[in-house]
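The structure appears below as structure tokens.
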2 protein chains.
Amino acid sequence: MGETPDTSTDAPNSQNREIVCYCPLGGVMDILSRRYAMQVICVVGAIGPARYSEIEDAFGGVSSSTLSTRLDELVEAGYLSREQYAEIPPRVEYDLTASGEQLCQRLDPILEWAEEQEAGRVPGEDGT
Amino acid sequence: MGETPDTSTDAPNSQNREIVCYCPLGGVMDILSRRYAMQVICVVGAIGPARYSEIEDAFGGVSSSTLSTRLDELVEAGYLSREQYAEIPPRVEYDLTASGEQLCQRLDPILEWAEEQEAGRVPGEDGT
DNA sequence: CAGAATCCATTCGGATACTG
DNA sequence: CAGTATCCGAATGGATTCTG
């Protein structure tokens with residue numbers, strides 16, 4: 001996305017420190033940086049094949065449009081699969097793809113850690 | 001942020017599946033979901049105490065305002081420390097706090113994985 | 001049930017210019 | 001060098017309404 005090509009970014013004073021290039025991390029991180037994206041992955045990873053309403057319930061009060069958008073994005077990105085059953089009432093099940101599972105494995109530690117942080121936090125401590 | 005308090009979110013039909021509550025994941029995940037946030041953590045984790053310009057260089061073309069905001073947020077959230085030296089020219093060094101280091105450890109696998117994904121991706125493949 | 005569509009307030013992030 | 005200040009377009013996410 002509009003990144004300047006790093007053809008001249010080789011700093012002459014590059015120490016032999018293992019400096020990795022974080023520039024091209026567009027795609028994946030972009031998707032993960034959307035609201036609830038990481039949580040959705042982990043929720044689906046946690047409750048197996050998950051129906052829309054199950055995922056919805058896992059969050060407090062996400063609007064259906066937001067959740068729907070997120071799910072679409074994750075499906076299109078190849079991290080979630082969407083199985084639709086032609087039943088009455090309709091049923092749709094989301095699940096992790098192979099890619100999504102790899103992602104989930106790496107995401108889970110963060111989510112768990114995040115929960116710990118939230119748990120041990122005194123409410124009304126930050127100035128804002 | 002505006003989440004409905006989950007004082008009554010205990011679904012009565014809770015199967016004995018290990019269902020974790022992902023509702024209160026506000027704070028931490030919120031911060032991480034901002035642009036470059038995760039990358040910044042990992043960049044600082046990678047290049048040790050990092051100066052502003054070093055961090056800036058690690059990305060393609062972030063605007064200083066955006067990066068500055070991100071750094072502030074991460075400092076205030078307690079994941080980065082900011083050491084300012086009263087020199088001419090001024091020098092500021094960011095580093096991971098203990099908390100930030102824990103986060104970085106969990107973030108790194110994702111970033112690395114993300115890079116792999118980007119690497120093995122054929123450009124111009126997705127419909128969009 | 002599982003969304004799609006629409007509308008809208010808010011926020012975000014980039015560009016630019018300026019400062020200690 | 002390391003930002004801050006300001007402005008503004010774009011994108012995001014929520015509420016609401018409607019549908020197969």
Side-chain angles (χ1 to χ4, degrees), chain A residues 1-4 11 13 23 25-27 29-40 43-44 47 49-77 80-95 128, chain B residues 1-4 11 13 23 25-26 29-40 43-44 47 49-76 80-95 128:
Chain A
M1 307 165 104
E3 309 279 87
T4 54
N13 61 337
C23 325
L25 288 182
M29 300 309 292
D30 242 38
I31 289 176
L32 294 182
S33 293
R34 298 204 152 69
R35 203 166 205 196
Y36 305 116
M38 305 195 246
Q39 287 100 314
V40 166
V43 165
V44 175
I47 66 181
R51 307 183 57 166
Y52 181 86
S53 45
E54 288 181 307
I55 302 174
E56 198 171 30
D57 290 346
F59 297 93
V62 209
S63 65
S64 63
S65 55
T66 301
L67 181 56
S68 198
T69 306
R70 212 75 335 129
L71 285 167
D72 282 350
E73 292 167 358
L74 293 172
V75 167
E76 196 186 11
L80 292 185
S81 64
R82 201 191 99 118
E83 208 67 42
Q84 178 163 3
Y85 300 93
E87 307 174 350
I88 305 288
R91 180 164 55 102
V92 176
E93 288 191 343
Y94 294 91
D95 208 346
T128 322
Chain B
M1 303 171 111
E3 308 280 86
T4 53
N13 60 337
C23 325
L25 287 182
M29 299 310 292
D30 241 38
I31 289 176
L32 295 182
S33 294
R34 297 204 152 68
R35 204 167 205 196
Y36 306 115
M38 304 194 247
Q39 287 100 314
V40 166
V43 164
V44 175
I47 66 182
R51 306 183 56 166
Y52 181 86
S53 46
E54 288 181 307
I55 302 174
E56 197 171 30
D57 290 347
F59 297 94
V62 210
S63 65
S64 61
S65 54
T66 301
L67 181 56
S68 198
T69 306
R70 209 76 335 129
L71 285 167
D72 282 350
E73 292 166 358
L74 292 171
V75 167
E76 197 188 10
L80 292 185
S81 65
R82 200 190 100 117
E83 208 67 41
Q84 179 163 3
Y85 301 93
E87 306 174 352
I88 304 287
R91 181 164 54 103
V92 175
E93 289 190 341
Y94 294 91
D95 207 346
T128 321

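Heavy atoms only: backbone and side chains are in, while hydrogens, waters and symmetry mates are out. As the structure is a computational prediction, the values presented were derived from the model and not from experiment. Within every chain, numbering begins at 1; the chains are lettered A, B, ... in the order of the sequence lines, protein sequences first and strands thereafter.
- Contact check, B/Arg51 against D/dA2: a side-chain N or O comes under 4.0 Å of OP1 or OP2.
- Side-chain atoms of B/Tyr52 never come within 3.5 Å of backbone atoms of B/Leu67 as a donor-acceptor pair (strictly under, hydrogens ignored).
- Of the candidates C/dG20, D/dG13, D/dA2, D/dG13 carries the atom nearest the A/Arg35 side chain, counting heavy atoms from C-beta on.
- One can place CD1 of A/Ile55 at 14 Å from P of C/dC1, the figure rounded to the nearest angstrom.
- B/Ser53 pairs by the side chain to side chain donor-acceptor pair (under 3.5 Å) definition with nothing, not counting sequence neighbours.
- C/dC12 atom C1' lies 13 Å from atom CG of B/Asp30, rounded to whole Å.
- The salt bridge (Lys or Arg N to Asp or Glu O under 4.0 Å) test applied to B/Arg91 returns B/Glu87, B/Glu93, not counting sequence neighbours.
- Counting only heavy atoms from C-beta outward, the side chains of A/Arg82 and A/Val92 approach each other to under 4.5 Å.
- Evaluation of the side-chain contact (heavy atoms from CB on, under 4.5 Å) rule for A/Ser33 yields B/Met38 as partners, not counting sequence neighbours.
- Partners of B/Ser63 by side chain to side chain donor-acceptor pair (under 3.5 Å), not counting sequence neighbours, listed by chain and number: B/Ser65, B/Thr66.
- Using a 4.5 Å cut-off on side-chain heavy atoms (C-beta onward), B/Leu74 and B/Val44 make no contact.
- With D/dG14, D/dA2, C/dC1 as the candidates, the nucleotide lying closest to the side chain of A/Pro90 is C/dC1.
- The distance from atom CD of A/Glu54 to atom P of C/dC1 is 12 Å, rounded to the nearest whole Å.
- Atom CZ of A/Arg82 is separated from atom P of C/dA2 by 10 Å (rounded to the nearest Å).
- At least one side-chain nitrogen or oxygen of B/Tyr36 sits closer than 4.0 Å to the OP1 or OP2 atom of C/dG14.
- If you take CZ of B/Phe59 and P of C/dA15, they are 15 Å apart, rounded to a whole angstrom.
- If you measure from atom CD of B/Glu87 to atom C1' of D/dA2, you get 13 Å, rounded to the nearest angstrom.
- For the pair A/Glu56 CD and C/dA2 P, the computed distance is 9 Å after rounding to whole Å.
- Residues B/Tyr36 and B/Val43 form no side-chain contact, since every pair of their non-hydrogen atoms from C-beta on lies 4.5 Å or further apart.
- For DNA chain C, the residues of residues 63-73 of chain A within the heavy-atom distance limit of 4.0 Å (strictly under) are A/Ser64, A/Ser65, A/Ser68, A/Asp72, sorted by number.
- Contacts of B/Glu83 classified as side chain to side chain donor-acceptor pair (under 3.5 Å), with partners at least two apart in sequence or in another chain: none.
- Distance, A/Glu76 CD to C/dA4 P: 12 Å, rounded to whole Å.
- The shortest distance between side-chain heavy atoms of A/Glu56 and A/Ser64 falls below 4.5 Å.
- Overall bending of the helix from C/dC1-D/dG20 to C/dG20-D/dC1, expressed as the angle between end axes built from five pairs apiece, is 60° (10° steps).
- Listed pair A/Arg91 / C/dA2 fails the phosphate criterion, with no side-chain N or O lying under 4.0 Å from OP1 or OP2.
- Using a 4.0 Å heavy-atom criterion, one finds that A/Tyr85 contacts no nucleic acid atom at all.
- The A/Tyr52 side chain lies nearest to C/dG3 when the options are C/dG3, D/dA2, C/dG14.
- A sub-4.0 Å separation between OP1 or OP2 of C/dG3 and a side-chain N or O of A/Tyr94 is present.
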